[in-house]
Amino acid sequence: MASSSRHRKHDVFLSFSGEDTRNNFTSYLYRALKRKGIGAYMDENQLKTGQNLSSSLLRAIEESRISVIIFSKNYASSSWCLQELFKIMELKRLNKLEVVPIFYHVNPSDVRKCTGSFEEAFANHQQNWAHKLQGWKNAFSEAGYIKGWHIMGDKSDRSEPEYMMKIVEDIMKKLDLMSSNDIKGLVGIDHHKQQIKELLCINVKDIPMIGIGIWGMGGIGKTTLAQAVFDEVCGEFDSCCFLANVTEESERCDGITSLRDKLFSVILEEETLATGTPRAGSKFLNDRLHRKRVLVVLDDVSDLDQLEILVGGLRHLGFGSRVIITSRDQQVLKNGSVDKIYKVEGLNYLNSLHLFSLYAFKKSHPLDDFVDLSNRFLEYAKGVPIALKVLGSTLYKKTEEQWESALDKLKEHPNPKIHNLLKMSFDGLDDLERGIFLDIACFFKGEKAEAVAKILNSCYKGAHFGISSLFDKCLINITELDSTLWMHDLLQEMGWNIVRQESKDPGERSRLWIPKDVARVLKHDAGTKSIEGIFLDMHGIDGIQLHQDVFHKMYNLRYIKFYYSQLSGKEGNSLLSRQDLKSLPGELSYFHWEYCPLRSLPPNFTPEKLVELRLPDSNFEQLWDQEQNVANLRVIDLRNCKNLTRIPDLSRALNIEELEVSGCINLTDLPRMIHLKFLENLCLKDCPVTKFPEIPRTLKTLNLSGTLIEEVPSSIQCLNRLASLRMSRTRIHNLPDSVVKMDSLKIICLSHCPNIIHFPNVSENIEDLNLAYTQIEEVPLSIGCLSKLSLLDMSGTRIGNLPSTIGNLDSLKAIHLCHCLNITQFPNVSKTVEILLLDNTPIEEIPLSIALLRGLSKLSMSDCSRIKSLPSSIFQLKFLRQLCLQGCSNLEIFPEILETMQCLSQLAFFKRLSIKASPILNEHITCVHHRRNLNVLSVILSSSFLKFHTLSTLDLSGSNIVKIPMSIRQLPNLISLYLKCCKSLIFLPELPPSLRNLNAHDCTSLELVLSGRQFWENSSLVHMLFSNCFNLDQDVVHNIVANAQLRSQCIVEEWVKERDSSITIKLCPDWKIDRFLCFVPSVVVNFKNNPKDIDVKIVCEIQLKTICHDCHNFISRWTLPLYYDEPIFFESNNMIIWFDKNMFRKDEHYEEALFEFYITAGEDGKCADHMKVEKCGVHVFYVDAKCSVNGNVKSKKSSSSDEEEGKQALKHLESSYGISAYLPCTQDDENGCSPNMIQFQSNSPIDPNRLSLKSSFNSLDFGGSIDREDINFNNGHDKPTIRRCRSFNFNDEDEPEQKRLKHFHFF
């Protein structure tokens, strides 16, 4: 078969003797091919003149995919035929042409041997073609050996029409196969194509017409998919027609009627067929259509009228016909009576990368230097083929700097080709649909569809229908799992751009969501009547003092949401107001303000249209005084409003569905709620409520945890819709017996209720029952009647062994019995159990029958100190993912782990174990924990260690291991290595570059870390802990510190680029230049007096003073690290170095920086007097976006053009949210931050006290002011040279003696 069949003009070239077959067989074959839509070439020149083939004929051969050679009696008599044959066979040898021979009334043997009539024909050519004759003979003979068709023509043979049909089918199959090769450039289409073909049922011919709709957003590949399917199956039909761009074509004068006539002309094989009317035509025409099995594709249909005219006539198509319709509107397809609708989704990552690379690099994969950049463009395109193609094409042969610039441009200026293609869908919407689309794009993407519909319904009449229409038009999506509103990022960006184009002035736009735009409007009181919605992530702004009349001019404002996307330590300080607001817009339907400083809502505010009121963590004492018309109000969320004393009268809030006031610690009185017929969710958690509230029967969830309620009334049975009752940490004694009648109740949580002593009598429909840490002593036999029970939590109770009836509960999935000190036997549970938690129980034996728990995925028996062995049957559990045996100190025998346990990903042996028999582990385990005195280490760390190619976490903490084998560096996926408290460990070998987390805390014998310069340069390591490593070699400390400073500086520069800033490094205040100032604090803290149950934070308060004497303040905090949810405690003095993404600020011409460090402890954040900061210092440096890579480090570089500067530094370094480092100090190391480690330089251009790091780099320096150019590893040895940094020290009274710092921990 031809390997290259693309860009061919003809499907088939017919080579034949005109004298023999032009007017019979060849002519009929040509017409049969054409009827099947096959592009056949037949030379019409009957009187061939000249001796040589014409150039047009040679070109026709070269431009064909298949050549059909019809050998007939006089074929060899024609020199033209022989020249055609010679050319054809020449192309076949080059694998550029497929050949199908037909031996028409001749013997194939005569063709192979050039005998019979052919022998005489060749002899006649001797005189004129002697020089070519042998080549012709060879080609002739070679063609005779190709498998083909032998048409004998006698009575015993089949008829020529039968042969013709078989020949055409054979040619179609060959072309189909070639076509499948052609569409290899159509990346990711095979799966979709196969799905469509299955829906079409191509091979079933005796059924009526089937219509298939292909549905999807613009640019997703609907047309491409339809074309691919059409090309592959069209040969199976009598006639085929592909009508492209139906919407566009129909908009022309008489467009839709002309399209319909064109459709019928193609199907009925007439050059011009004009019905002249919108209807299908005459009965005769319909009868003709009914006799044909046809394939029709109608591409890009957007209106029902188009289908009525086009598809109306297609209803008369014959049995076995198929119609494919592509559309962005699902409703159009439904109205078109298609049988099935296929939705086209975006490409997956691999296919996206492939398609993008084909256009960006003309290869199937990206260039090595462009992998990260390519991934960023893939993230932008999110699998939309047209976006991948357009973006890839625009980036072809562009530099890295230009790629970076293109990404920056896309943030505010979408590609016009992509934007315009997507905007076609928006332009087809009506006004209501446009408004709803823009609201979702700017505000409500990711929210629950039903809740959003209720909010929008107060602004638009018919919002529910509008949302469904947007869904049908593939402009939004509603997830099946949780009914969340979603839309593709490119569609959202299109919506954003439409709003941005409304005005250059943010105050004149309809919707605001970008923090800088919102801040500008609020700060300068620049709002106008144009603004309909404001959403502000307050994490992205500094404090703004609001004017009392800030919303006065925004009287069309419908939505307000002021929120924090992430905790930053400045909650409540972003939007401030010295006084309460004077007014709020009456159009407001959605009001959400976290940490609101107001004490009450404006007295003139009329919340008639308000649907949701969310004011969590706010300063409110009350909402409003007088009765208000809140008929539309659905949600009130006032959680953690600690000053709130009462909830306003809700007598007119008849439609309220949710009331959330948890954490309102001063809220003692509740309003009357019995009349709220739509109230479904009520949360009074941690409110000082003493009586069970009077609530309507419609309630579905009730949370009274942490209240002062002592009794649940028997009337609770009237809550016949209640599904969830939570009353943990209350004073109730028992639930009333009437609870058993509550068939709708699915969840009961009574944990930590000390007065509950009896197992409650509950409905058989209960699914989750949490009775943990109550005084219950027995689980009754009647628990076997709870047939729907899925979760049973009896942790921390006094119960004994579970009754045998527990094994009858086939719905039971999880059992929690942790800390049940009276349970001595392994529970006999149902085979359906998936999670079994038995931590800290006196169980002595795991039975062999555990193998019957086929679905068990997690078994936790931590601190079960009486367990001595595990049965071998435990590893017949093929779905077991986690086996936790922490603290099983008497466990001695560990059986073989079978290779069939492919799900096992975490095997944990924590604390003191004394295993004597080691397991043989399989290569599917990805997380291994071994701690303290494990002989199993001899197996884990043997040569078979290399089998664990999927290993991502290795925990050897507490073991007596002396060294880690060198083979560890060959683990390609190792991310975390935990060596905590390995007291005998002496050295670490070179570690794999994939490592990100290294914990060597309290490895008191550790001296050497052998990872050299290459590791420090190329690894992904961002968390390191070497605290309490008192013997660590000084050179190792140097390498680690240099790595910490290098990574912190480079990560800052990554963030700066993400903020779209342009900066230049300078050493003194300069009005002409913008730059970013970065800080890495370091302190020495004495942890000796820290109780091990206190939460410790180190706080750094920074004040920056400008040359104009303005002061800017911010805070950075360091928190004591956790290890498996347990704190790590440091001994003696430790040096802490940390960095987070809040530790850089745009330089506002600062001339002075003041740093104050202190320590807080406990949840209340009070200063800790028992601990203090011994030493402190700050590593300070500037970051410039116009930098280039020097080795692996950014340094200033001279260039003739600023545009040529701008390399991304440390491409291998991934963005991280924070870096911190810890260096414990012995008594002799307390001068770790001493200024005596710094040498003075008298020629400083900045400051007469300018300092620099000592060139010998024999000590850590965090004092004074340091200035150098860069950090360079290219100095011939492993020690880095630190440059371009400034440090300020505030402990000038430190003793002058310089000491050596040994130990270091880096996070």
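Quick caveat: nothing in here was measured; it's all calculated off a predicted structure. Computed from heavy atoms alone, side chains included, the values below leave out hydrogens, waters and symmetry copies.
Classification of Lys448 and Glu450 as a salt-bridged pair fails, no side-chain N sitting under 4.0 Å from a carboxylate O. Salt bridge present: Asp637 and Arg639 bring a charged side-chain N and a carboxylate O closer than 4.0 Å. Look at Glu657 and Lys454 and you find a salt bridge, because one of the NZ, NE, NH1 or NH2 atoms lies within 4.0 Å of a carboxylate O, short of that distance.
Note that the CG atom of Leu802 and the CD atom of Glu778 stand 11.0 Å from one another [nearest 0.5 Å]. Here CG of Leu821 is found 8.5 Å from OG1 of Thr841. Values are rounded to the nearest 0.5 Å. In this structure, OG1 on Thr730 lies 9.5 Å from CG on Leu708, to the nearest 0.5 angstrom. Between the CE atom in Met861 and the CG atom in Leu838 there is a gap of 5.0 Å [rounded to 0.5 Å]. From Arg599, atom CZ reaches atom CG of Leu623 across 14.5 Å, with rounding to the nearest 0.5 Å. Here the CG-SG distance, from Asp863 to Cys884, works out to 11.5 Å after rounding to the nearest 0.5 Å.
A donor-acceptor pair under 3.5 Å is absent between the side-chain atoms of Ser751 and the main chain of Cys749, judged by distance alone. Of the possible polar contacts, one joining the Thr698 side chain to the Lys677 backbone as a donor-acceptor pair under 3.5 Å is found. With hydrogens and angles disregarded, a donor-acceptor distance shorter than 3.5 Å links the side chain of Ser589 to the backbone of Arg558. Of the possible polar contacts, one joining the Ser574 side chain to the Met538 backbone as a donor-acceptor pair under 3.5 Å is found. In this structure, Asp669 contributes its side chain and Pro671 its backbone to no donor-acceptor pair below 3.5 Å. The backbone N or O of Ser865 lies less than 3.5 Å from a partner atom in the side chain of Asn890, making a donor-acceptor pair. A donor-acceptor contact shorter than 3.5 Å is absent between the side chain of Asp793 and the backbone of Asn770. Proximity of a side-chain donor or acceptor of Asp617 to a complementary backbone N or O of Tyr595 within less than 3.5 Å is not detected.
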- [ ] Before giving the answer on side chain to side chain contact (heavy atoms under 4.5 Å, CB included), spell out for Leu704 and Phe692 the whole-Å C-alpha distance, their side-chain angles and the decisive distance to 0.1 Å.
- [x] CA-CA 9 Å; Leu704 300 174; Phe692 198 90; 3.5 Å; yes
*asked:* For Ser738 and Ser714: C-alpha separation, side-chain torsions, deciding distance, then whether side chain to side chain donor-acceptor pair (under 3.5 Å) applies.
replied: CA-CA 6 Å; Ser738 58; Ser714 59; 5.1 Å; no
Q.
Could you walk me through whether Leu598 and Leu581 satisfy the side chain to side chain contact (heavy atoms under 4.5 Å, CB included) test, starting with their C-alpha distance in whole Å, then the side-chain angles of each, then the deciding distance to 0.1 Å, before giving a yes or no?
A. CA-CA 8 Å; Leu598 306 179; Leu581 299 178; 3.9 Å; yes
Apply side chain to side chain contact (heavy atoms under 4.5 Å, CB included) to residues Leu584 and Leu601 and explain how you reach the verdict. CA-CA 8 Å; Leu584 280 171; Leu601 295 174; 4.1 Å; yes
Check the pair Thr832 / Glu834 against side chain to side chain donor-acceptor pair (under 3.5 Å), numbers first and verdict last. CA-CA 6 Å; Thr832 60; Glu834 298 175 2; over 6 Å; no
Legend entry - side chain to side chain contact (heavy atoms under 4.5 Å, CB included) between Thr774 and Asn755, intermediate numbers included: CA-CA 7 Å; Thr774 60; Asn755 295 328; over 6 Å; no
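The aromatic rings of His752 and Tyr773 sit parallel to each other, their planes meeting at less than 30°, with 60° as the upper class boundary. Between Phe562 and Phe551, the two ring planes are parallel [angle under 30°; tilted spans 30° to 60°].
Counting heavy atoms from C-beta outward, Leu750 and Leu735 have side chains that approach closer than 4.5 Å. Counting only heavy atoms from C-beta outward, the side chains of Val739 and Ile748 approach each other to under 4.5 Å.
Across Val661, Leu610, Leu659, a single residue satisfies side-chain contact (heavy atoms from CB on, under 4.5 Å) together with Ile636, and that is Leu659.
If you look at Phe535 and Tyr559, their ring centroids are not closer than 6.0 Å.
Side-chain contact of Asn632 with Ser458: a donor-acceptor pair under 3.5 Å is absent, judged by distance alone. Defined by atom type and a distance below 3.5 Å, a donor-acceptor pair is missing between the side-chain atoms of Gln628 and Arg652. Side chains of Ser724 and Thr701: a donor-acceptor N/O pair is absent below 3.5 angstrom, by distance only. For the residue pair Asn765/Lys788, the side-chain donor-acceptor check at 3.5 Å is satisfied. With hydrogens and angles left out, the side-chain atoms of Asn643 and Asn619 include a donor and acceptor closer than 3.5 Å. Under the 3.5 Å distance criterion, with hydrogens and angles disregarded, a donor-acceptor pair is assigned to the side chains of Ser565 and Asp537.
Annotation for Glu711: atom CD does not count as buried by contact number, only 12 or fewer foreign heavy atoms lying within 6.0 Å. Residue Arg726 places its CZ atom among 12 or fewer non-hydrogen atoms of other residues, nucleotides or ligands, all under 6.0 Å distant. Residue-environment remark: NE2 (His758) stays at or below the threshold of 12 foreign heavy atoms within 6.0 Å. Atom NZ of Lys561 has more than 12 heavy atoms from other residues, nucleotides or ligands within 6.0 Å. The number of heavy-atom neighbours closer than 6.0 Å to CG of Asp580, taken from other residues, nucleotides and ligands shown, is above 12. Counting heavy atoms of neighbouring residues, nucleotides and ligands inside a 6.0 Å radius, atom CD of Glu694 does not exceed 12 of them.
For Arg854, there are no salt bridge (Lys or Arg N to Asp or Glu O under 4.0 Å) partners, not counting sequence neighbours. Glu587 meets the salt bridge (Lys or Arg N to Asp or Glu O under 4.0 Å) test with Lys609; sequence neighbours excluded.
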For residues 806-820, dump all side-chain donor-acceptor pairs below 3.5 Å to protein atoms at least two apart in sequence or in another chain.
residue : atom : partner : partner atom : Å
Ser811  : OG   : Ser787  : O            : 3.0
His819  : ND1  : Asn840  : ND2          : 3.0

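Figure legend: Lys445 and Trp486 shown as a cation-pi pair, the cationic atom lying under 6.0 angstrom from the six-membered ring centre and within 45 degrees of its axis.
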